[in-house]
Protein chains: 2
Amino acid sequence: MAATTEGPPAAAPPRRSDATRAAIVAAAREQFAAAGYQGATIRSIAAAAGIDPALVMRYYGNKEGLFAAAAEFDLRLPDLGALPRSQVGAALVSHFLDRWEGDDALMALLRAAVTNPAARQRMQSIFATQVGPQVGKLSGLPRAEAAARAGLISSQILGLALCRYVLELPPVLKLTRADTVRRVGATVQRYLFDA
Amino acid sequence: MAATTEGPPAAAPPRRSDATRAAIVAAAREQFAAAGYQGATIRSIAAAAGIDPALVMRYYGNKEGLFAAAAEFDLRLPDLGALPRSQVGAALVSHFLDRWEGDDALMALLRAAVTNPAARQRMQSIFATQVGPQVGKLSGLPRAEAAARAGLISSQILGLALCRYVLELPPVLKLTRADTVRRVGATVQRYLFDA
DNA sequence: GTCTATAATTCGATAGAC
DNA sequence: GTCTATCGAATTATAGAC
């Protein structure tokens with residue numbers, strides 16, 4: 001054997017804490033998504049993760065640090081330049097819906113951003129670094145005009161998510177996915193290339 | 001004088017509590033708008049109103065009752081049927097912006113609705129009783145289709161308010177009012193009468 | 001009608017045993 | 001690395017004096 005004292009070699013010591021950390025972040029996303037920043041408590045998160053509340057503090061320092069870790073987020077926008085120009089709007093909406101329904105990250109971010117300043121800034125930076133540039137590249141417009149259009153697109157897409165997933169307005173819930181992609185996609189398309 | 005025992009006649013006894021109640025509700029709207037349902041506390045509301053926290057409880061029973069009173073809201077939609085059809089979308093957006101900037105009621109409602117179930121239901125009922133019917137009348141479409149369009153319009157307008165007044169996304173803040181009315185108005189117009 | 005005092009919880013955070 | 005025990009602060013809500 002490598003060593004009579006046994007145990008893993010020097011590289012990558014398998015600490016159980018890694019699994020614990022992952023469980024905490026997953027539970028945090030869940031709770032922040034369901035109850036917002038203030039509604040989710042260290043205790044409720046620890047309970048959902050099946051561990052002790054003190055561990056959350058040990059690993060993430062405080063509630064702010066935990067949220068910062070839980071709100072790590074990548075929109076994973078696909079390369080829309082490869083698509084036929086006429087399909088870009090619908091593709092964008094479709095991707096956003098996937099991203100909303102895929103996990104709790106965006107829901108957690110939005111629910112928290114409405115009352116928590118740090119979450120709001122995170123939201124601002126996400127749309128500044130991930131949405132804005134992509135719109136600029138796609139539309140080929142000057143920076144200021146592209147930013148304005150990215151803002152309009154964000155307002156439509158975030159509003160759709162707000163009404164559908166957060167406020168759950170019945171008429172918005174009744175829309176089929178295909179219908180949503182088509183109709184909201186047309187709006188995004190217009191913001192991208194027309195008016 | 002009318003009576004030797006003095007005091008107002010039977011009708012409309014001028015209780016000072018009326019002014020107090022009004023001050024409480026106004027302060028409550030302010031606080032709910034600024035901090036959401038959980039962030040606004042009975043204490044902070046009482047402090048903003050310049051009265052004792054116990055009075056809030058006396059007049060409104062509990063926090064829920066106070067919010068119900070503070071979230072009383074009328075969109076005050078004007079008669080859009082009198083306008084040239086081509087201007088309806090822009091007029092709707094313009095009216096919403098006025099309503100958002102006029103007082104704290106809508107801000108309080110939205111900030112609270114994201115985490116509080118009662119506020120969310122209030123939001124649902126407002127759009128069911130005030131937005132939906134108006135869209136039905138304007139578009140002249142069957143009920144189901146009109147409801148779908150009202151939902152789409154709500155998603156765009158609430159999304160605009162979310163990005164502008166709550167999340168404060170810089171590109172959305174940079175839009176002038178005229179520009180916002182024109183561009184978002186065109187979207188609302190399309191949801192109303194086209195696709 | 002208004003306010004003082006306080007009960008009963010609940011939260012974030014810390015100290016320290018194992 | 002994990003958990004027990006607990007502190008100090010803040011919250012809603014109540015009881016009752018004035």
Side-chain angles (χ1 to χ4, degrees), chain A residues 5-8 12-32 34-71 108 111-112 115-119, chain B residues 6-8 12-28 30-32 34-71 108 111-112 115-119:
Chain A
T5 51
E6 179 216 16
R15 296 171 299 156
R16 178 158 32 173
S17 64
D18 289 341
T20 304
R21 292 182 80 102
I24 291 174
V25 178
R29 258 193 275 264
E30 216 174 87
Q31 297 290 314
F32 283 126
Y37 186 81
Q38 296 179 359
T41 67
I42 303 276
R43 285 168 155 84
S44 73
I45 292 168
I51 51 99
D52 192 276
L55 275 185
V56 178
M57 305 301 293
R58 175 172 177 83
Y59 287 139
Y60 295 97
N62 52 29
K63 195 176 177 178
E64 270 190 36
L66 172 60
F67 179 79
R111 272 231 163 85
T115 51
N116 183 268
Chain B
E6 182 219 12
R15 296 171 299 154
R16 176 157 36 174
S17 63
D18 289 341
T20 304
R21 292 182 79 100
I24 292 173
V25 177
E30 217 175 88
Q31 296 290 314
F32 283 126
Y37 186 82
Q38 297 180 357
T41 67
I42 304 277
R43 285 165 154 83
S44 72
I45 291 168
I51 51 99
D52 192 275
L55 276 185
V56 179
M57 304 300 294
R58 175 173 177 81
Y59 288 139
Y60 295 98
N62 53 32
K63 196 175 177 179
E64 271 190 34
L66 173 60
F67 178 78
R111 272 230 165 85
T115 51
N116 182 270

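Sequence lines set the chain letters: A, B, ... in the order given, protein chains first and strands last, and positions in each chain run from 1. The analysis underlying the following values was restricted to heavy atoms, covering all of them including side chains, and did not include hydrogens, waters or symmetry mates.
Checked against C:dC11, D:dA15, D:dT2, the side chain of A:T20 finds its nearest nucleotide in D:dT2. Here the side chain of B:T41 is nearest to one of D:dA15, C:dG12, D:dT11, namely D:dT11. Closest contact between the side chain of A:L55 and the listed nucleotides D:dT2, C:dT2, D:dT11 involves D:dT2. Distance from the side chain of A:R43 is smallest to C:dG12 among D:dT2, D:dA13, C:dG12. Checking D:dT4, C:dT2, D:dA15 against every side-chain atom of B:A54, the shortest atom distance belongs to D:dA15. Each of C:dG12, C:dT14, D:dA15 was ranked by its minimum atom distance to the side chain of A:I42; first place goes to C:dG12. With D:dT14, D:dT4, C:dC3 as the choices, the nucleotide that has an atom nearest any side-chain atom of B:I51 turns out to be C:dC3.
Projected onto DNA chain C by closest heavy-atom contact, B:R58 and A:Y37 fall at different nucleotides, the more 5' of which corresponds to B:R58. A residue-by-residue look at A:E64 and B:G50 shows that B:G50 has its nearest nucleotide of DNA chain C further toward the 5' end.
Going from atom NZ of B:K63 over to atom C1' of D:dT14 covers 18 Å, rounded to whole Å. Look at CD on B:Q31: it is 15 Å from C1' on D:dT11, rounded to the nearest Å. Per the geometry, CE belonging to A:M57 stands 15 Å off C1' belonging to D:dC3, to the nearest Å. Note: CZ (B:R21) to P (C:dT2) measures 11 Å, nearest angstrom. The distance from atom CG of B:D52 to atom P of D:dA13 is 15 Å, rounded to the nearest whole Å. In this structure, the CD atom of B:Q38 is 14 Å from the P atom of C:dT10, given to the nearest Å. Atom CD1 of A:I45 is separated from atom P of C:dC11 by 11 Å (rounded to the nearest Å).
Remark: A:Y37 OH to A:K63 NZ distance equals 5.5 Å, nearest 0.5 Å. Rounding to the nearest 0.5 angstrom, the gap separating the CG atom in B:N62 from the CZ atom in B:F67 is 13.0 Å.
Minimum heavy-atom separation, B:R21 to B:Y60: O-OH, 3.3 Å. A:A40 approaches A:A35 most closely through the heavy-atom pair N-CB, 3.8 Å.
Residue A:Y59 places no side-chain N or O under 4.0 Å from the OP1 or OP2 atom of D:dG1.
Legend: residues meeting side-chain hydrogen bond (donor to acceptor under 3.5 Å, both in side chains) with B:S44, ordered by chain and number and at least two apart, are B:Q31, B:T41.
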